[in-house]
Structures are given as C-alpha cells and as structure tokens.
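Report on the following structure.
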Amino acid sequence: MSDKLFLQQPVDDESISQFTLADEQMRSLYHSLPVSLLSSIIIALILSISHWKVIGQAEIILWNLLLGGTLLARLILWIFWHNVQQLYSTLFWLTCFRIGVWLTGAAWGSAALLLFAPDDTIYQALLAFSLAGVVSGSMTSLTVDKYSSLGFVILAITPLSVIIFLEDGPTAIAMTSMTLLFIFFVIASATRVRHNMEDQLNNNFRLLQLTNTLNYKQKMEKIINHAQSIYIGEGNIKSALSTLLHETLPLCHSELGFIGQVKKDADRNPFMCALVFGSHKRDDRQLEIFRATNMPENGEYRNLDNLFGMIMRSEKPIISPNLARDMRAGTLPPGHPAISSFIGIPIFSGKDQIAILGLSNSPVGYTNQTAEDLEPILKSIAQFVQTMHHEQQHEQDKAALEASTQHTQTILNDIADGIITMSKEGIIQSFNHAAETIFGYRAKQIIGKNVSELMPEPHKSHHDDYLKAHIKTGKKNILGIGREVNGLRRNGKEFPMDLMVSRVFQNGEPIFIGIVRDITEKRRIDDLRSQFISAASKEILGPLNIISEVIGLLHHSEQKTLPEPFKNALNIAQANSMKLQKLMADLLEMQSLSQTDSAYQLEAHAITPLIEQALQRNTTFSDIYQCQIQIQATVNSLTVQVDKVRFIQAFTQLLQYALKFSVPNSTLDIHVNEERSRVKITMDIATAKMPTERRRNLQFHFNEVGENWGECQYEEGGLGLTIAKEIIEKMHGKITIESKTGQDNFVLEFQQAIKSP
C-alpha cells in the first residue's frame, strides 16, 4: 500500500502524521531540554565558585550572564514548543533548537577566554574537565541530531584547545589531540544513535502501517457486511447500495459519490443509469434539490463526450485532479454540488462493464491505487448490480409470461372443447370455460381436486392406479389417441365424450393435458341414424329380396315365352334390383364401420394367399366382365398385419370396381412388391373407358384432397370405394391412385410384418 493511500485512511491519522524521523528528533531534543538546562546551571555554579578567587570576578560575572542568557532563551523556547508546537512545522522547531544549542556551546566555549587561569595548571585542568563533562552530558540528548551535537562540541571545546595549544606547554599537543578525538567520538556516537533511531522508527512505522492496513480491511469488511445485512433484511438493493456508498465516502476522505448502472441501448451503445448518490453530510440539502429538480429522466446519462462516457468507453479508471480545468469534463448540470477532484471507477462482471463508482472532493486527491485498494467494495457493488439486473430481467420475463399466459388463457376460454391440465398426481391445475360448461363446475371449484372427480365408476376408483402405472412403466396407453368415454357432471349424470390426453414436461415434471368434447348430441344423432338405417333395411330389404327372387324366377322360366320388350324390361329390373341390394348392403357396412366398437383382429398374414382368396370369391365377376386376373409377386413371402376378413372385403370392393371398367378378353394385372420395408399392392384400372368426370372424382377421392370427397357427386360404386378406404386405413394401411402413361392404378401400402411361427 502506498504512503499516499495510507495517509488517506482515517485510522490514527494524528499519529501517522507525526511518525517521521524529524518529528522524533524534535520530540527527543525538546523532552530532554529541561534536564540539560538544569545540568548546565549546576556545572556553571560549581565552575564559578571554584574560580571565584583565582581569576577576576568581573570575568566570572560576564560569563555567567552570557551562559544564563542562552539558557533562559532556551527555556523560553521549550515553554513555547510545549504549548504551541502544532502551529509551526517540525523544521522550524528543529532550527530554533539548533540555534539555541549552538549559542549555548559558544557560551561554554567563552569560558576558555574568561575563566582560563594562565599560571595555574590545576584550574586549567578543572576547566577542561568541566567542559568535557558538559559536552559528555549533553551527548545523551544531542546525539539524536548530528547538527546540534557537532555544533555544540566544536563551539564548546575548540576555544580551550586553541588556547592550550598557543600556550605551547607540554600538554598543548595532547589536549589538542584529545579535543579532535573527542569530536570524532561525538560524530561517531551521533551517527550510531541516529541509525538506531531510524531503524527503530522504521520498525515502528511498518508495524503501525500493518496495523492500519488490517484496520482498513476490517472497516471495508464491516461496510460490506452491513450492506449485505440490509439487503438480506429488507430485500432492497438500492438501500444496500446507498449504505455501502455512504460508509465508503469517509474511508476515502470523499465528500460526494454515486453508483450508476451501465446499460446498452438498441444500438449497443452504453449509457449510465444513476442508482444512488451519497454525501459526507447526513442531510445534504443541495444534493437532494438537484436530484429532485435537475436530474435527467430516469437518471440516464447518454452523453459519451464527458467523463462518464470516457469511463464507459475506455473501461479504465478516470482521474481528474482539477475538474474545473479538465477539458474532458463537460459542464455540471444546474444545481449540482461543486466538484474539485474526481475519480470514476468502472465495475465489471466477467468481461462486461455493469456499473460505475464515482468519488469526488478528496483533499488528498485520487490515484490508480485508490481503485485497486477499493477492489472488495467494487466486487460487492458488482454483486448487487448483477443481482438487480437479474431481478429486473425476472420482472420483465414474469410480466411477459403473465401477458402470454393471459393471452393463452383467453384463447383457451374461447375454444369450444374443454381443456383440462393436471399434475402427475392427477390434481387439476387449469379448467377452461368450455370445461366449466361441459362438467358444470366453476374453475375455482374444481382446480386443486383430483381429476377422478370428473369420472364415473369404475374408472374413478382406479384412476390414481392408472397414473402411477404410467409414471412407473412409461407406457403411453391412451396418450395421443382419441377415444369415446363417459364423463361425470357435477349433478351426478353421466354423459358420452371424446377424450384425447397428451403429455408435456415442465421443469422436468410431466403435465397431462386432456381435451374433451361433449358428444351427447352426436351420439343421439348417430343412434337415430343407426335406428333409421336398421329400420329402413328391414323395410326395404325384405320386399326387395322377394322382388329380386320373383324377377329371377321370371327371367329363367318365362324367358322364351315373353315378348322381346318384356325381356329387356325384365333384364333391367333384375340388374336394378341387384344394384339396390348391393347399395343396401354397402349402407349396412358403412353403418358397421362407423361404430367405434367394430373389432379388427390384426394378425400377420402372407399377402399373396389373401389376394388369391379374394380372387376366388370374385370368379363370377371376372367371368361376367370376361377378364383374366394375373398376380405378379416379386417376393411370395411378404407378410402384412391385417384383419383377414376385412382385407378380403376391402379388396373385393376395389376388384369389382376395376373389373367393371376392364376391356373384354383382357388381363388385369395385380403387382405385389416390397419398397422400403412396406408391402405395395398395385391393381390396374382401365380408366381409358372411364368418363372424364368419373376419373376426376376418383383422383380427387383417393389422393391428398380426399378429405373433400363430399364435393364430388356420388356415383355408382363410389360407396364401395369409401368402404374399402375406411377399412384399409383402420388397418393402418394407405390407398392412393397412381397415374402412369395414361393408366391409373389402385395402390395399397401396408407396413411389412413378420408372420408368427
């Protein structure tokens, strides 16, 4: 951590600002000054008393005045330092102290001039030892400052050494040498003490710096934990961000700050949406007025030609030490609080910039280190903003889902069929208007109940077992297959309905959708139709059979005696009666096919023998139309899954239709082959003899537009073809008309099956 950021920390700022070498020197020198002054006074008194009778008293008094004046001046200096030291710099107080020390050293040095006894070596030695004692004693306090100690030693000892050297006595050289050695030892001692003090100060400084770093991190963790606790307790991200910002401002000595969310418009251009503002003041009235009156709409800043834009485009911290002179900064909005220094820090989630932290008006300024050391705060902001983004996206998705659900529900309510959704446990989850009408329940009355409430016995009691078996085995049973079942109305009455059940998955869980249609009226109409056809058949077939039999007898017994016109009329009557009998038979067959309980025994059969049986049963027809039938099979072992009786019935209808339009003395080819695991049967139709309108109706009936068969006029044989098509499709086969070079063919296709052994 840099010294600059360290000085920005609020922890123990007063101790940090004093903890330098010069400050420690100043404190050490001034703290020892009273003891040093007292020692000087005592030594001066002893020296004055001892020399009072040896030298002139005037010289002693003069020396005491010089020394006393310097000591008094230093005492006054100490008193001022003790009371007003904060008003002046460390250098000022050190300079004053050094001048005082140097004056005191000069006063002690003047003793060699005023108190020196030229003829008495004993007093000369006493003076020398006194000065040496003063210098040695002063070293205990002055060694912390080499300038003070060296100046004091030189000024206090040098005059005596010069005088002794000039006396040219036996001790002159020795005294001079001792003086120089003493000065050397003083310098060495002062240097050693200074180094020791610097080492001690550096150790203390590092220890204090480490302590404050830990305190700084603890403060950040406390800020982050406080913001997180607010979010957990209130669930309000903006409140948590506001707390985080307000507690971060004093940590960086900042007066103002903001947190903004970075978004992108439709053209992928970034813009900032201000989330929270902060001030070092508890209630910053100016900031509140700006937010209320001059803040951009929705707090959006879309201008990229300012510091905000530079932060979003460069994706790096932007620092402005003087915003007023910064060409990059635009004009502040009206009413915005004044800003001097500023730092804007981009905040990322992965590689995407999602937010900006802005701080301003720090007296010590900002550096890139500021952004680095705020990394934990930035990560917390990123988490909050990302959570806010997810919540906003969730709200948008929720609103869209609700709109879509309401739209879907509106559509479902307008559908004539009842639609019911249920869980895998059979609990009803939705019930549209049509279902309400069909069953007699309101949606709120039935939702949440088991769907078996809508079923009569025995299905009601076994429904849960059906569902459990399906969930366990995965067998689809009736899924995707429509069938007629009985439902149970609210009033307890049973009714017939068409039911189709499908299954979808939501969040990995199956949901069942039932589509129901009330077929009470349809069943009633079908019953009436069946009754009518049955009654009509009895009323028509009985007399018709008698008429046909009488006509047949007349045709055989009276053919020779009847006139030719009567013979022709008899032949026509016999043909029409046969057609009418076939028509009634076809009507009964159609009635049988329309019943849902018509049984089909689907089994694996070899296809060629089935066709041969159908041909044998229609030998009379081939003889009547004088046509030979030939089977051409590429593989004789092809098998299909069909109902044998129904297949022969359908094939007979197609064969009779084809024989009707055959050319006398021609051959009708039936081809049997395999294509892509399917058995394909092709039967020739002599459509060249067929009228154009009939041929068009035939194509229209069997190919893709066959569902519009009702648009064609009914023609002779058409009902039989409809019966054949119905039978083939119920056996999961397919029938079409294939045209090749003017020749039309019936084409039957069945999935190939393996015949059971």
Side-chain angles (χ1 to χ4, degrees), residues 25-85 93-117 120 122-164 175 178-179 182-183 185-186 189-190 193:
Q25 286 176 324
M26 178 189 68
R27 285 201 306 273
S28 178
L29 292 172
Y30 276 93
H31 285 165
S32 63
L33 182 57
V35 176
S36 177
L37 293 178
L38 182 60
S39 300
S40 296
I41 292 172
I42 293 173
I43 294 174
L45 288 175
I46 294 174
L47 191 59
S48 298
I49 293 172
S50 63
H51 283 70
W52 185 261
K53 296 181 179 180
V54 178
I55 59 175
Q57 296 176 355
E59 286 82 357
I60 294 175
I61 293 172
L62 178 60
W63 179 73
N64 278 280
L65 290 175
L66 292 174
L67 182 61
T70 58
L71 295 178
L72 180 61
R74 294 183 67 194
L75 179 62
I76 294 172
L77 177 64
W78 179 84
I79 294 172
F80 271 96
W81 174 84
H82 191 268
N83 290 280
V84 296
Q85 59 175 309
W93 292 114
L94 276 177
T95 302
C96 292
F97 187 88
R98 288 166 182 169
I99 292 174
V101 168
W102 294 339
L103 291 176
T104 304
W108 279 106
S110 65
L113 301 175
L114 298 175
L115 303 182
F116 186 76
D120 195 332
I122 294 176
Y123 283 95
Q124 292 177 5
L126 178 61
L127 179 61
F129 278 115
S130 297
L131 292 176
V134 170
V135 171
S136 299
S138 299
M139 289 301 100
T140 57
S141 60
L142 297 180
T143 48
V144 297
D145 181 29
K146 64 181 179 180
Y147 300 107
S148 297
S149 59
L150 186 60
F152 183 83
V153 169
I154 292 174
L155 292 173
I157 296 179
T158 299
L160 180 61
S161 300
V162 171
I163 292 174
I164 293 174
M175 284 292 293
M178 290 297 292
T179 300
F182 196 79
I183 292 173
F185 287 138
V186 167
S189 177
V193 170

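For clarity, every value in this text was computed on a predicted model and none was experimentally measured.
Residues L66 and L114 have side chains in contact (heavy-atom distance under 4.5 Å, counting atoms from C-beta outward). Side-chain contact between L37 and W78 is absent, with no heavy-atom pair separated by less than 4.5 Å. Put simply, the side chain of L29 does not reach to within 4.5 Å of the side chain of W93, judged on heavy atoms.
Here the straight-line distance linking atom NE2 of H51 with atom CD of Q57 works out to 13.5 Å at 0.5 Å rounding. How far CG of N64 is from CG of L115: 8.0 Å, rounded to the nearest 0.5 Å. Taken from CG in L47 to CD1 in I43, the straight-line distance is 9.0 Å, to the nearest 0.5 Å. Between atom CD1 of residue I99 and atom OG1 of residue T70 there is a gap of 13.5 Å, rounded to the nearest 0.5 Å. Separation of atoms OG1 (T95) and CZ (R98) is listed at 6.0 Å; rounding is to 0.5 Å. The CH2 atom of W81 lies 8.0 Å from the CZ atom of R27; values are rounded to the nearest 0.5 Å.
With hydrogens and angles ignored, the 3.5 Å screen pairs a side-chain donor or acceptor of W102 with a backbone N or O of Y147. Judged purely by atom type and a 3.5 angstrom limit, S36 has no side-chain atom pairing as donor or acceptor with the backbone of S32. A donor-acceptor pair is defined here as one N or O able to donate and one able to accept, closer than 3.5 Å; such a pair exists between the side chain of S110 and the backbone of A107.
The number of heavy-atom neighbours closer than 6.0 Å to NE2 of H31, taken from other residues, nucleotides and ligands shown, is above 12.
Contact detail for A44 and W108: the closest heavy-atom pair is N-CH2, 3.8 Å. Here the shortest heavy-atom pairing between A112 and P159 reads CB-C, 3.8 Å.
Under a cutoff of 6.0 Å and an axis angle of 45°, R74 and Y30 do not form a cation-pi pair.
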